[in-house]
**Student:** 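A single structure is presented below for examination.
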Amino acid sequence: MGSSEKILAELADDTPVDLAGAVENSHVFEILDQLDRELIGLNPVKTRIREIAALLLMDRLRKNMNLSAQPPSLHMCFTGNPGTGKTTVAQRMAKILHRLGYVRQGHVVAVTRDDLVGQYIGHTAPKTKEVLKRAMGGVLFIDEAYYLYKPENERDYGAESIEILLQVMENQRDDLVVILAGYKDRMENFFSSNPGMSSRIAHHIDFPDYSTEELMEIAEMMMVNLNYRFDADSAQAFGEYIRLRMQMPHFANARSIRNAIDRMRLRHANRLFERGGEQVTRRDLVTIAAADIRASRVFGEKAAPLMTSPD
Amino acid sequence: MRLTQGQFSFLPDLSDEQITAQIAYGLKQGWALNVEYTDDPHPRNTYWEMWGIPMFDLKDPAGILMEINECRRTYPRHYVRVTAFDSSRGWETPRMSFLVNRPADEPGFGLVRQEGPGRQVRYTVRSYAVDRPEGSRYA
């Protein structure tokens, strides 16, 4: 009798499994619900996170039943345009993995090429290793990972960094989770020139751009968090703003919305300031008026296109 | 003769799991951990060679264990110790220090006597290992 058969024989096949209890204990649904509430749109992303959470939870139950539970490889790649929430999701991911006991500490170390690649021979390995050590027990988030590999310069130290990353990703899979992030086309380029990297990453998650309605929801949520609100006029003005802004260059999804809100707050503060001695109520302090939005350069765009990012 | 230096040295050698638990304690206190090695086990030899720089800002013991294992691989016949440095004001000193690797064969120490003025005798200890030059001890 093989050892695996022995283990199977130890527990009867109809041994009940306390699924509800395990779900309750991990508090994973709290985080998943929070994710649903606080992140607008991003349905493919949420589905994948739910699947990963489910797998980890089932693995834990299987382990209790003495079934083999090989920890899955959870290195991920997030692709998408700027401002689609890659960093935010990485933070959440770390929390979820921590709750499910896949990573021990649940912190996120966010780095770019500068933090990994050295400037002279022999500088790269210690630098990359130090970052890896700091990320252990948590999630290493490499933003714009494709800059690690520069094909036009064959003596670039980026390749050395990639090699060390690969080694640790493979050998210390239960010590850290690596998430690479960047634009989709450049990431694909990066993977095609680094097949080792591609095959070690199990989850390729694409972050879609937000629709106008989703951006409006995001704006409203940001406003609520900042204790501001739109009135009927300004809500409509902001809807128009979003539609115009989306047509323009350098549009960065939720990030552009956040910048727009910051500019609106400036104009709002200035408008109240200039009213001088007049009576200002609490409502004035929290309400963004249509005038604050329509003063944006975006509305004058049709006359003279701007080269810089207009918020 | 078994070298007894630092914490836990009268106990059997720590397993990796026990080392990890000790490191986790040090990290929880906010101390910077450091791996050092030497082949001169004299008790007054305070300054051991450093294996890389002290590891600041770490959250998890796995990174330090990785360095320990690398140091053991490079110097399998040296003494390797882990120290935890407390930088908080008033302490500014190592708070933990324990051996994580020792040579398979430890020759121990000999007592050296020196004739002084009059019939005075001065005593000191000397490790038999240091008869040979640095790097080829414990070969």
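Below, read A as the first sequence line, B as the second, and so on, with proteins coming before strands; counting in each chain starts at 1.
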**Student:** Determine whether more than 12 heavy atoms belonging to other residues, nucleotides or ligands lie under 6.0 Å from atom CZ of A:R155.
**Tutor:**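 No, because the 6.0 Å sphere around CZ of A:R155 holds 12 heavy atoms or fewer from other groups.
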**Student:** Can you measure from CD (A:Q105) to NZ (B:K59) and round to the nearest 0.5 angstrom?
**Tutor:**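 A:Q105 CD to B:K59 NZ: 8.0 Å, rounded to 0.5 Å.
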**Student:** Within a strict 4.5 Å, meaning less than it, do heavy atoms of the A:M136 and B:M66 side chains meet?
**Tutor:**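 They are in contact (side-chain heavy atoms under 4.5 Å apart), so the answer is yes.
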**Student:** Has A:Y183 got more than 12 heavy atoms of other residues, nucleotides or ligands less than 6.0 Å from its OH?
**Tutor:**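 No, not enclosed.
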**Student:** With the side chain counted from C-beta on, respond yes when B:D60 and A:K133 share a heavy-atom pair under 4.5 Å apart, and no when they do not.
**Tutor:**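 The answer is no; the side chains never approach within 4.5 Å.
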**Student:** Counting only heavy atoms not in B:Q5, do more than 12 fall under 6.0 Å of its CD?
**Tutor:**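 Counting other residues, nucleotides and ligands, CD of B:Q5 exceeds 12 neighbours.
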**Student:** Count the heavy atoms belonging to other residues, nucleotides or ligands that lie under 6.0 Å from CD of B:E134, then report whether that count exceeds 12.
**Tutor:**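 Atom CD in B:E134 is not crowded, with 12 or fewer foreign heavy atoms closer than 6.0 Å.
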**Student:** So A:K129 and B:E70, do their side chains get closer than 4.5 Å, heavy atoms only?
**Tutor:**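 Yes; the side chains approach each other to less than 4.5 Å.
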